[in-house]
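One structure below.
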Amino acid sequence: MTDPKDLYYVAVKVLLEHEGKLFVFKDKFGDWDLPGGRIRKDEFDAPLDKIIKRKMSEELGDSVRYEIGKPVVFFRQERTEASSGQPVRIFAVGYEGRLLGGEMKLSELHTQSEWVDIATFEPAQYFTGGWLKGVQEFLEVRRSATI
């Protein structure tokens, strides 16, 4: 009998908003993404807000200011790991976020960014798999809140 349990990496993502727009960016592999990422082994006991702070600083620079709200969406994504070529599964918690100010400076791992209109953004043109499902769910919640 095979083991029915699965192994997942765990990540935190930020659905960063500003003036009715959502921040998305493209990584050096050509995939669109949201700020945030996987929890490291040495962060097992770290508060999630500290992990989010590390990821935001790594990806958007030290001067960006934001506030994080509650979890609003959960993602399950399967992808091929760039370093090993092996498939991995990621479970991510998506937090609402609001940009307060500062200068955003993309890391060397990101090549392009956009602020997309929450009311009209079509995520299927950017995302696939679990990232797409999660962004669609987030947009549904946001759009229904403005009706």
Side-chain angles (χ1 to χ4, degrees), residues 5-44 46-145:
K5 294 176 278 193
D6 201 358
L7 296 176
Y8 281 80
Y9 286 97
V10 178
V12 290
K13 291 290 187 179
V14 177
L15 295 129
L16 189 64
E17 296 179 62
H18 182 66
E19 298 178 349
K21 296 188 183 291
L22 174 68
F23 180 79
V24 298
F25 57 5
K26 188 184 280 191
D27 66 25
K28 69 180 185 176
F29 304 106
D31 296 320
W32 285 93
D33 202 356
L34 301 165
R38 288 184 254 177
I39 298 172
R40 294 177 176 168
K41 285 183 182 182
D42 66 351
E43 293 175 320
F44 182 78
L48 292 177
D49 63 321
K50 299 289 185 201
I51 297 167
I52 291 169
K53 183 177 181 179
R54 173 183 63 81
K55 290 305 300 180
M56 293 291 279
S57 177
E58 288 174 359
E59 295 180 346
L60 302 178
D62 291 328
S63 74
V64 67
R65 297 184 335 273
Y66 56 90
E67 65 182 13
I68 298 297
K70 64 183 187 290
V72 290
V73 69
F74 300 95
F75 303 88
R76 285 182 289 172
Q77 172 74 352
E78 185 171 36
R79 65 173 235 201
T80 301
E81 189 75 348
S83 60
S84 68
Q86 297 297 312
V88 296
R89 292 187 174 151
I90 302 167
F91 176 82
V93 179
Y95 288 82
E96 58 188 7
R98 187 167 64 96
L99 181 69
L100 300 176
E103 180 183 347
M104 295 176 81
K105 183 179 178 194
L106 295 183
S107 77
E108 68 280 353
L109 300 177
H110 298 93
T111 60
Q112 182 181 347
S113 67
E114 290 184 29
W115 285 97
V116 296
D117 190 312
I118 290 171
T120 60
F121 179 53
E122 296 190 25
Q125 296 177 5
Y126 289 69
F127 296 97
T128 60
W131 295 150
L132 173 60
K133 288 178 186 174
V135 171
Q136 286 172 327
E137 185 179 326
F138 169 77
L139 291 172
E140 287 174 19
V141 169
R142 280 298 183 266
R143 289 171 181 166
S144 67

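Numbering of residues begins at 1 and proceeds along the displayed sequence.
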Measuring from atom OG of S57 to atom CD1 of I52, what distance do you get when rounded to the nearest 0.5 angstrom? 13.5 Å
Minimum heavy-atom separation for R143 and A119, please, with both atom names. NE-O, 3.5 Å
CG on D31 to CH2 on W131, rounded to 0.5 Å: 10.5 Å
Only one of R98, K53, H18 clears side-chain contact (heavy atoms from CB on, under 4.5 Å) with Y66; which? K53
Roughly how far, to the nearest 0.5 Å, is the CD1 atom of I90 from the CD atom of E81? 7.0 Å
Would you call the rings of F127 and F121 parallel, tilted or perpendicular, taking 30° and 60° as the class edges? perpendicular
Take atom CD in E67; do more than 12 heavy atoms of anything else shown fall under 6.0 Å from it? yes
Counting only N and O atoms by type, is there a donor-acceptor contact under 3.5 Å from the side chain of E59 to the main-chain atoms of G36? yes
Kindly determine whether D33 and K13 satisfy salt bridge (charged side-chain N to carboxylate O under 4.0 Å, His left out), including the steps that lead there. CA-CA 9 Å; D33 202 356; K13 291 290 187 179; 2.7 Å; yes
What distance do R79 atom CZ and Q86 atom CD have between them, rounded to the nearest 0.5 Å? 13.0 Å
Over 12 foreign heavy atoms within 6.0 Å of NZ, K21: yes
Quick check for you: to the nearest 0.5 Å, what is the distance between F25 atom CZ and L109 atom CG? 9.0 Å
Minimum-distance pair of heavy atoms, taken over all atoms of L48 and V12: CD2-CG1, 4.1 Å
H110 NE2 to F29 CZ distance, which is reported to the nearest 0.5 Å: 9.5 Å
Should E78 and R89 count as an ion pair when the cut-off is N to O under 4.0 Å? yes
Heavy atoms from other residues, nucleotides or ligands near CG of L100 exceed 12 (cutoff 6.0 Å): yes
